[in-house]
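For ligands, and for the atoms within them, numbers begin at 1 and follow the listed sequence. All residue numbers refer to positions in the sequence shown, counting from 1.
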Amino acid sequence: MKDETKIVIAGRHPDENFGIVNAPVYHASTILYSSLAELEERHRDRAKGEKVVTYGRMGTPTTWSLEDAVAELEGGYRTQVFPSGLAACAHALQAFLKTGDHILMTDNVYGPTRAFCDTVLKRFGVETTYYDPLVGAGIAELMRPETRVVFTESPGSQTFEMSDIPAIAEVAHKKGAVVMMDNTWASPLYYKPFEHGVDVSIQAGTKYIVGHSDVMLGTVTTTQEHWATLQAGANLTGQTAGPDDVYLAQRGLRTLSVRLKQHMENGIRVAEWLKGRPEVHSVLHPALSDHPGHDLWKRDFLGASGLFSIQLKALPKPALAAFMDNLELFGMGYSWGGYESLIIYADPSSHRTATSWDNTNPLVRLHIGLESTDDLIADLENGFARLNKAL
Ligand SMILES: *Cc1c(COP(=O)(O)O)cnc(C)c1O
């Protein structure tokens, strides 16, 4: 079956719910058992990995509806939901790491994931080394006997370097390390992590899966080999996501394939237009043929989302503000993946250690939503007019 079909069908069981199309929202903490024998049997089944209801925190049919669909689309064994994308990143890491372990982390990783390594993991005696996202098979030189996890994110969600994940994974596996990936940019549709050597794939479901900027949610999907480790680590830290949020995520997921196609098309059109603007120094979008990571993107990815950055030609802050303030259609705000366009300024130079980033040409990140690109371009054009007046 193609993804467009899977996304409609996966994880749904109308036959078990009076024909109701979507899995209902089960609010639950206490589960009542009719007998001691039933209680013991259900806990035994759950310990074997079966999807049985034992306690609210351990999941309900609402949870499994989303988890099963994400697992199928990403191509993994099973998925666990988390209350945010960051919770998914943090708990995937802590489930696989112990004191004395070493982790290799891509230098362009999502900022709060980096902060988790530098604070919590450090406090528990796990050492993090950051690596150049372009390292490829050269990561071999950074591997140590105690390297337990190699964490990837491609493209980086501000600077858009593309990593050669299959090359990194091959080295990591030879040395017995687990390969994790934050796969939020491409979503489960446009990158199939398990076909490229990834063992543990993370989604900030908050972004494209939810798709409407109104829910925090994360998912972690693993291979069969690594499922038990994730489960053991995550359940003992009490990770659970509320049923209303999970419901909204599975509802958003059903339309992801059509939304994402439009985000891709709109994003590429606006990116191409920006490339021709005299105010723009460079456009960082892996689907554009002159992007340094374009060949990797073409080789491994099935599409592009609507998130990319531009570097403006060096300009004073007030001119940057004149460009960004008063845009009508681009909201100024963090996060992305919703139906609406967003713009944000970022300075990646402050949190890099393995590589450097020169922000002389200031970085502006855009999320291209589902509006008409004619209107979006007109909005940006007005912004550039304000910028030029402020120079
Ligand atoms: C937003 C984001 C996260 C964190 O997700 P939240 O749901 O906001 O906690 C993790 N990774 C990437 C790449 C993100 O963009």
Side-chain angles (χ1 to χ4, degrees), residues 66 70 74 79-94 105-121 130 133 149 151-163 165 180-191 193 198 200-221 234 237 239-242 244-246 248-250 252-253 256 260 263 267 284-286 293 301 304-309 331 333-338 340-344 346 348 351-352 363 365-369:
L66 175 64
V70 171
E74 281 214 296
T79 298
Q80 171 151 357
V81 295
F82 289 81
S84 70
L86 182 58
C89 293
H91 287 274
L93 284 167
Q94 67 84 30
M105 174 61 77
T106 184
D107 207 25
N108 59 356
V109 71
Y110 178 66
T113 306
R114 183 183 196 104
F116 176 76
C117 294
D118 294 345
T119 57
V120 180
L121 289 185
Y130 293 94
V149 169
F151 195 102
T152 63
E153 182 179 322
S154 183
S157 67
Q158 286 185 337
T159 45
F160 296 90
E161 301 94 337
M162 298 292 299
S163 294
I165 291 177
M180 297 190 182
M181 179 184 186
D182 184 330
N183 189 30
T184 304
W185 182 81
S187 94
L189 289 182
Y190 288 169
Y191 191 77
V198 172
V200 177
S201 176
I202 297 154
Q203 287 286 337
T206 307
K207 311 290 164 60
Y208 283 115
I209 292 177
V210 166
H212 295 73
S213 309
D214 52 2
V215 175
M216 305 298 301
L217 200 102
T219 67
V220 180
T221 305
T237 52
Q239 293 302 307
T240 184
D244 292 307
D245 288 344
V246 170
L248 287 170
Q250 71 78 31
L253 182 72
L256 178 62
L260 208 56
H263 283 295
L284 311 178
H285 191 315
F301 285 64
S305 65
L307 189 78
F308 64 93
S309 289
Y334 291 101
S335 203
W336 42 280
E340 85 289 19
S341 291
L342 293 171
I343 192 165
I344 199 81
H351 40 263
R352 295 223 162 195
L363 186 114
R365 188 179 74 179
L366 297 125
H367 178 253
I368 305 303

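- Ranking the protein heavy atoms by distance from atom 9 (O) of ligand 1 puts L86 N, 2.8 Å first.
- Of all atoms in ligand 1, listed by their number and element, those nearer than 4.0 Å to a heavy atom of W336 are 15 (O).
- Distances shorter than 4.0 angstrom do not occur between any heavy atom of Y334 and any atom of ligand 1.
- Classified by interplanar angle (parallel below 30°, tilted 30° to 60°, perpendicular above 60°), the ring pair W336/Y208 is perpendicular.
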Just do the side chain to side chain contact (heavy atoms under 4.5 Å, CB included) check on N108 and F160 with the steps written out, would you? CA-CA 8 Å; N108 59 356; F160 296 90; over 6 Å; no

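- Residue, atom and distance of the protein heavy atom nearest to atom 12 (C) of ligand 1 are D182 OD2, 3.4 Å.
- The distance from ligand 1 to the heavy atoms of G85 drops below 4.0 Å at these ligand atoms: 4 (C), 5 (O), 6 (P), 7 (O), 9 (O).
- A donor-acceptor contact closer than 3.5 angstrom links the side chains of E340 and S213.
- When each atom of ligand 1 is checked for a heavy atom of E153 under 4.0 Å away, the hits are 13 (C).
- Atom 8 (O) of ligand 1 has its closest protein heavy atom at M216 CE, 3.4 Å.
- Nearest protein heavy-atom contact of atom 7 (O) of ligand 1 is T206 OG1, 2.5 Å.
- The main-chain N or O of A186 is never found under 3.5 Å from a side-chain atom of S305 such that the two would form a donor-acceptor pair.
- Under 3.5 Å, the side chains of W185 and S157 contain no donor-acceptor pair of N or O atoms.
- Counting heavy atoms from C-beta on, the side chains of L217 and I209 never come closer than 4.5 Å.
- Residue, atom and distance of the protein heavy atom nearest to atom 14 (C) of ligand 1 are K207 NZ, 2.8 Å.
- How far CG of D182 is from CD of Q203: 7.5 Å, rounded to the nearest 0.5 Å.
- If you number the atoms of ligand 1 from 1 as listed, the ones under 4.0 Å from a heavy atom of A204 come out as 2 (C), 3 (C), 4 (C), 5 (O), 10 (C).
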